[in-house]
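Everything on this sheet refers to the single structure shown next.
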Amino acid sequence: MASAAQAARAAALREEIERLDHHYYVLDQPLVPDAEYDRLYAELAALETEHRDLVTADSPTQRVAGAPAAQFRPLLHAVPMLSIRTETDHSEGGAHTFDQRVRRQLELEADAPALEYLAELKFDGLAVNLRYEQGKLVAAATRGDGETGEDITANIRTLRAIPLKLQGDAGAVLEVRGEVLLYRADFDRLNARMRAAGEKEFVNPRNAAAGSLRQLNAAMTAERPLRFFAYGLGEVQGWSVPATQAGLIEALGRFGLPVCAERRLCRGAAELAQFHAEVGARRAELPFDIDGVVYKLNEIALQQRLGFVSREPRWAVAHKYPPQEAVTRVLDIEVQVGRTGAITPVARLAPVFVGGATVTNATLHNEDEIRRKDVKIGDWVSVRRAGDVIPEVVGSLPHRRDGRESEFVMPLQCPICRSAVRRAPDEAVARCTGGLFCPAQRKQALLHFASRRAMDIEGLGDKLVDQLVDGSVVATPADLYKLGLAALANLERMADKSAANVLAAINASRDTTLARFIYALGIRNVGETTAKDLARHFGKLDALMDADAERLQRVPDVGPVVAQSIAQFFGEPHNREVVEQLRAAGVHWTEHEPAAADAPGHLAGKIFVLTGTLPTLDRESAKAMIEAAGGKVSGSVSKKTHYVVAGADAGSKLAKAQELAVPVIDEAALLALVAEQEKA
Ligand code: IVH
């Protein structure tokens with residue numbers, strides 16, 4: 001038997017975990033880092049394992065239970081789950097058609113006051129019914145054919161977004177209806193995991209949500225961060241239903257159920273159309289997919305008066321947005337050179353109207369993607385566009401081929417600068433090796449060169465770099481130091497005063513450190529930390545430039561990939577030439593003997609990885625603190641990592657740490673480590 005103190009501790013832990021879940025999934029305001037949540041959860045699980053009498057049915061640890069099912073059992077809905085009529089007119093006319101129809105069916109006079117509606121989002125997920133009895137979740141089902149769904153109770157119980165017990169008095173029976181969905185960011189992370197595991201990726205968040213929820217093994221569902229939004233009711237006993245749809249949503253929220261804040265009480269058709277237009281404009285910014293908005297007559301009594309026709313309520317309608325996908329032809333596949341030299345194949349398309357705009361180009365990402373999507377020049381393809389996102393080819397329609405299609409071949413030379421195109425064996429992306437010499441990469445390289453943590457040239461921003469490169473005034477970073485006041489002041493929209501300021505900033509940047517200079521070169525895979533390591537290790541630039549890959553790997557933390565990038569960079573004569581020009585232009589730094597015996601800090605040799613948002617420290621301060629104590633901060637988790645410092649919303653790095661059993665600590669533990677070392 002557990003002691004009274006242990007029972008109290010278990011109850012407190014349960015309450016705290018429920019509170020954290022509620023803040024995370026319902027209020028969208030995470031309170032603590034995931035590591036802290038995991039710690040509390042582990043403590044509760046350990047207590048319950050030791051004292052089985054402490055386990056309660058609604059304990060957070062009881063979300064996953066039982067063996068995988070062989071199949072889902074059918075579950076008859078107490079009240080049928082209806083469908084909803086779709087207004088086919090995508091323009092604002094759709095709102096007027098609906099309002100007119102409702103007014104006619106309510107037999108209102110033409111001059112009767114405007115009707116009140118609640119406008120909601122039409123979530124693109126899966127409709128589910130949750131049955132609470134005496135406030136406790138007892139059953140959950142999919143919509144199925146509307147009469148009978150599938151029993152997904154075990155899966156639904158694993159969703160931290162769904163309370164196992166409701167707050168307040170929910171009567172004898174309360175069935176809540178709503179949508180299960182996946183946030184796009186979570187979908188991307190899930191697909192990255194599937195890819196890494198060599199498994200098939202999901203096509204879109206809706207599919208992934210469906211696949212995750214309809215897992216016969218509920219433990220699998222538990223690993224997917226599914227969300228839920230409540231928007232309606234099924235059977236109700238012993239609870240008085242609010243008088244309006246708006247009141248209902250609020251009441252559901254008070255029970256601790258997630259409801260979507262994106263909803264609006266509207267009077268008349270014009271306000272509905274306004275909501276439709278506003279949400280449509282912000283659609284891409286929502287964290288999840290929607291395919292339209294839903295209008296519901298607000299007054300429940302009026303809803304009841306209208307009733308249903310052929311399984312669709314007369315009092316509600318879905319007003320959709322134009323489809324985000326369309327079919328067109330690939331006229332050609334060309335390549336574009338991006339800022340890191342990445343060569344991206346782009347499909348030139350026969351113009352097609354999709355997602356509210358005419359599309360003539362769509363990215364194909366890389367060669368593997370072209371093969372996976374099976375796209376040939378001349379193919380019919382499906383194209384997708386969501387908001388501001390770059391249009392993308394979803395896939396080809398191979399049955400429409402007539403034999404005249406041809407395969408895309410990756411060029412061997414950069415189309416812009418003729419440097420060799422190379423693709424590393426373990427990489428999907430082919431790259432131009434031209435580096436600073438390639439005009440397509442120049443602008444970005446210049447911006448990086450001038451950035452605050454590199455050469456720190458204030459005032460050299462996007463617009464100015466565009467003008468300098470487009471006007472052939474500057475080609476390489478070395479050219480910056482040849483600029484005179486006249487050349488700058490001659491540029492359009494450049495006042496004499498700002499020209500002088502930029503010039504002063506360029507001049508001041510000549511005096512720098514070796515680490516900054518190495519970082520400024522923009523060598524692939526060489527971030528600030530590696531640049532510092534290289535500077536400390538080699539002491540002199542020439543020693544670095546002449547080191548081969550094998551020699552480079554003797555630098556702590558430099559592995560084969562980084563070594564290869566550096567050797568390749570200095571292997572290109574263009575890059576060496578730019579370095580020489582920079583030296584000739586007076587850029588200088590102190591060279592020193594390789595520091596073999598740099599005073600080791602307290603955390604010397606310890607490698608940290610930061611992930612997520614820490615409660616008080618920002619990235620830079622945490623990094624500075626670790627480095628000051630002699631530790632290193634790396635960008636990716638490997639077996640060599642000593643600690644992963646995780647904050648709120650930590651993602652794949654945390655998962656990787658857990659996979660490799662690298663210790664995960666929170667901000668408090670990091671501060672303790674640093675302090676402890678200081679005392680030592
Ligand atoms: S109400 C009686 N509200 O759309 C009205 N449905 O075809 C029942 N949906 O299966 C539906 N967002 O999956 C309602 N805010 C919302 C919705 C919504 C998405 C889905 C739901 C339903 C389908 C209707």
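Nothing here was measured: the structure is a model prediction, and the numbers come from that model. Both ligands and their constituent atoms are indexed starting at 1 by order of listing.
- Looking at Glu262 and Ile290, their side chains never come closer than 4.5 Å, going by heavy atoms from C-beta outward.
- In summary, the aromatic rings of Trp239 and Phe255 are positioned with their centroids under 6.0 Å apart.
- Rounding to the nearest 0.5 angstrom, the gap separating the CG atom in Asp21 from the CG atom in Leu27 is 11.5 Å.
- Near ligand 1, heavy-atom contacts under 4.0 Å come from Ser83, Ile84, Glu120, Leu121, Lys122, Phe123, Ala127, Arg143, Glu179, Tyr231, Val294, Lys296, Pro313, Trp315.
- Cation-pi geometry between Arg263 and Tyr231 is not satisfied (NZ or CZ under 6.0 Å from the ring centre, within 45° of the ring normal).
- Applying the ring-ring contact (aromatic ring centres under 6.0 Å, His included) test to every pair with at least one member in residues 152-183, sequence neighbours left out, gives these pairs: Tyr183-Phe288.
- Between the Ser59 side chain and the Val55 main chain, no donor and acceptor come within less than 3.5 Å of each other.
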